[in-house]
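Right, one structure below, let's go through it.
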Amino acid sequence: MLSTECDLPGKVAIVTGGSRGLGKTMAIGLANAGAHIVVCDVVDVKKTVSLLQSLGRESIGLKVDVTKPTDIAMMVKKTVEKFHTIDILVNNAGIVKSAPAESMIEDDWKKILAVNLTGEFLCAQAVGNQMIKQKQGRIINIASVAGILGSAQSAAYSASKAGIILLTKTLAVEWGKYGINVNAICPGIFLTDMTDSYIKDPGFVQMVKTRIPLGRYAHPEELMGAVVFLASNASTYVTGHTLVVDGGWTAGL
Ligand SMILES: NC(=O)c1ccc[n+]([C@@H]2O[C@H](COP(=O)([O-])OP(=O)(O)OC[C@H]3O[C@@H](n4cnc5c(N)ncnc54)[C@H](O)[C@@H]3O)[C@@H](O)[C@H]2O)c1
């Protein structure tokens, strides 16, 4: 029963920041469930597109900077031209830069907010307008546990991710009447290029062992189930929710 509910035969998904890391892995998860994928990124996405095609799905790659409204408009136009629908948006593109709040450079603050928060809003707005016409759609915003708990040197990143959680709830409230479900995922620590430098820090590794109940960080594949669930018929009555995938990190004091 559940495997049928989680199938996505012929659905069309856009994944931003899909060239590598969690975006690429979530794209593979959606493709394994049957979806065709539009991979968007500021960097080259050919390898990810080829991989998805090798899974037997249709896939195209687009060069899209989520801070640029013209790129986003092109993303929607090309997807609809090719597939005639957008069923799923995974708003995943994101950046991080650590700095103490007292000396954070204003340009870094602006850039992080522009990509992580404004970028997710602009993509949701452009795709949302298409989904409103269709009277159906799933938007999955990638936030972070850093949007739930405070952490040092993370003012801009944490503010952007907390913003995504409330943006998600607001869009769910506004767009439920159009049949659009909007949810967020808060990953804990997953092994990607983004977290590579943290994981080399012995103090961080010790923190992971002591603070995270499962005692380890996660592999990107461990996010596939959450995104497929929120994209599929297994979650038709779930909207405005924040699904935390963090090994229990935020469950305790
Ligand atoms: N890895 C983790 O542990 C973790 C934890 C919590 C949240 N997240 C979030 O998950 C998402 C993916 O993280 P990741 O670990 O795969 O990072 P990553 O750095 O490996 O991948 C991020 C991708 O986003 C792309 N990107 C950056 N700026 C962009 C822009 N302006 N327009 C389009 N694409 C852009 C990059 O080119 C890259 O392909 C991010 O939103 C991140 O904040 C990651």
Side-chain angles (χ1 to χ4, degrees), residues 14-29 38-49 51 61-75 89-98 108 110-124 126-127 139-149 151 154 156-165 167-168 184-201 204-205 207-208 212 214 216-224 226-227 242-247 249-250:
I14 292 176
V15 181
T16 68
S19 81
R20 67 180 197 187
L22 299 185
K24 177 181 170 182
T25 307
M26 288 188 284
I28 295 168
V38 179
V39 187
C40 301
D41 208 304
V42 277
V43 299
D44 190 72
V45 294
K46 279 195 205 82
K47 276 192 187 155
T48 308
V49 168
L51 178 62
L62 300 173
K63 190 137 189 171
V64 175
D65 182 335
V66 298
T67 66
K68 295 191 176 152
T70 49
D71 285 12
I72 295 168
M74 177 274 290
M75 172 182 89
L89 167 67
V90 182
N91 245 332
N92 164 77
I95 55 172
V96 69
K97 187 166 179 187
S98 302
D108 287 343
K110 285 181 178 163
K111 174 89 178 149
I112 291 167
L113 270 288
V115 176
N116 294 6
L117 182 56
T118 311
E120 291 209 9
F121 169 68
L122 292 175
C123 290
V127 173
I139 297 176
I140 301 158
N141 295 324
I142 306 306
S144 170
V145 291
I148 299 175
L149 298 177
S151 56
S154 181
Y157 185 75
S158 292
S160 73
K161 294 298 185 180
I164 289 168
I165 294 171
L167 172 66
T168 300
I185 296 176
C186 281
I189 301 161
F190 282 70
L191 277 174
T192 67
D193 289 293
M194 184 180 272
T195 50
D196 199 44
S197 60
Y198 299 96
I199 283 159
K200 286 182 180 131
D201 171 358
F204 189 81
V205 173
M207 184 284 291
V208 166
I212 297 181
L214 292 186
R216 62 176 179 86
Y217 30 69
H219 296 281
E221 291 72 20
E222 295 183 270
L223 207 57
M224 283 176 172
V227 75
T242 299
L243 180 51
V244 178
V245 185
D246 70 347
W249 192 6
T250 54

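Whatever order the structure lists them in is the order used to number ligands and atoms, beginning at 1.
Among the candidates Asn116, Leu122, Val115, Thr118, the single residue satisfying the side-chain contact (heavy atoms from CB on, under 4.5 Å) test with Val66 is Val115.
Those atoms of ligand 1 that come under 4.0 Å of a heavy atom in Val64, given as number and element, are 32 (N), 33 (C). Those atoms of ligand 1 with a heavy atom of Tyr157 less than 4.0 angstrom away are 6 (C), 7 (C), 8 (N), 9 (C), 42 (C), 43 (O). Near Gly188, meaning under 4.0 Å from one of its heavy atoms, ligand 1 places the atoms 3 (O), 4 (C), 5 (C), 6 (C). Atoms of ligand 1 lying under 4.0 Å from at least one heavy atom of Asp65, given by number and element, are 30 (C), 31 (N), 32 (N). Less than 4.0 angstrom separates some heavy atom of Asn92 from each of these atoms of ligand 1: 10 (O), 11 (C), 12 (C), 40 (C), 41 (O). Counting the atoms of ligand 1 from 1 in the order shown, those under 4.0 Å from a heavy atom of Ala93 are 24 (O), 33 (C), 34 (N), 35 (C), 41 (O). Remark: ligand 1 atoms within the under-4.0 Å shell around heavy atoms of Ile189 are 3 (O). Atoms of ligand 1 found under 4.0 Å from any heavy atom of Arg20, numbered from 1 in the order shown, are 18 (P), 19 (O), 20 (O), 21 (O), 38 (C), 39 (O).
Contact annotation: the side chain of Leu51 approaches that of Lys24 to within less than 4.5 Å [non-hydrogen atoms, C-beta and beyond]. Residues Tyr198 and Ile189 have side chains not in contact (no heavy-atom distance under 4.5 Å, counting atoms from C-beta outward). Looking at heavy atoms from C-beta onward, Lys63 lies out of side-chain contact with Asp71 at the 4.5 angstrom threshold. With contacts defined as side-chain heavy-atom distances shorter than 4.5 Å, the pair His219/Thr25 does not qualify. Between Lys161 and Ser154 there is no side-chain heavy-atom pair separated by less than 4.5 Å. Side-chain contact check for Glu222 versus Val245: every heavy-atom pair is 4.5 Å or farther apart. Counting only heavy atoms from C-beta outward, the side chains of Val64 and Thr16 never approach each other to under 4.5 Å. The shortest side-chain heavy-atom distance between Val145 and Val244 falls under the 4.5 Å cut-off.
Using a non-hydrogen distance threshold of 4.0 Å, Gly119 does not register as a contact of ligand 1. In this structure, Thr16 does not count as a contact residue of ligand 1, since none of its heavy atoms falls inside 4.0 Å of the ligand.
Residue contacts with ligand 1 for Thr192 involve side-chain atoms from C-beta outward but no N, CA, C or O (heavy atoms, distance under 4.0 Å). Counting heavy atoms under 4.0 Å from ligand 1, residue Ile95 touches it through the side chain alone. Using a 4.0 Å cut-off between heavy atoms, Tyr217 makes no contact with ligand 1 at all. By the criterion of a heavy-atom distance under 4.0 Å, neither the backbone nor the side chain of Lys24 is placed next to ligand 1. Only the backbone of Ala143 comes within 4.0 Å of ligand 1, counting heavy atoms alone; no side-chain atom from C-beta on gets that close. Looking at Thr195 against ligand 1, only its side chain comes within 4.0 Å, counting heavy atoms.
The protein non-hydrogen atom at the shortest distance from atom 25 (C) of ligand 1 is Asp41 OD1, 3.3 Å. Among protein heavy atoms, the minimum distance from atom 17 (O) of ligand 1 is reached at Met194 CB, 3.4 Å. Of all protein heavy atoms, the one closest to atom 16 (O) of ligand 1 is Leu22 N, 2.8 Å. Nearest protein heavy-atom neighbour of atom 29 (C) of ligand 1: Val42 CG2, 3.8 Å. Scanning all protein heavy atoms for the shortest distance to atom 24 (O) of ligand 1 gives Gly17 CA, 3.5 Å. Looking at atom 3 (O) of ligand 1, its nearest protein heavy atom turns out to be Phe190 N, 2.7 Å.
Minimum heavy-atom separation, Leu223 to Pro187: CD2-CG, 4.2 Å. Between Leu243 and Ala226 the shortest heavy-atom distance is CD2-CB, 3.7 Å.
Formation of a donor-acceptor pair under 3.5 Å by the Asn92 side chain with backbone atoms of Ile142 is not found in this model. Here the side chain of Thr195 pairs a donor or acceptor atom with the backbone of Phe190 at under 3.5 angstrom. Distance alone, capped at 3.5 Å, is enough to place a donor-acceptor pair between the Thr48 side chain and the Ser19 backbone.
When the heavy-atom distances from atom 22 (C) of ligand 1 to Ala114, Gly21, Gly94, Ser144 are ranked, the shortest goes to Gly94. Closest to atom 32 (N) of ligand 1 by heavy atom, among Val15, Val66, Asp193, is Val66.
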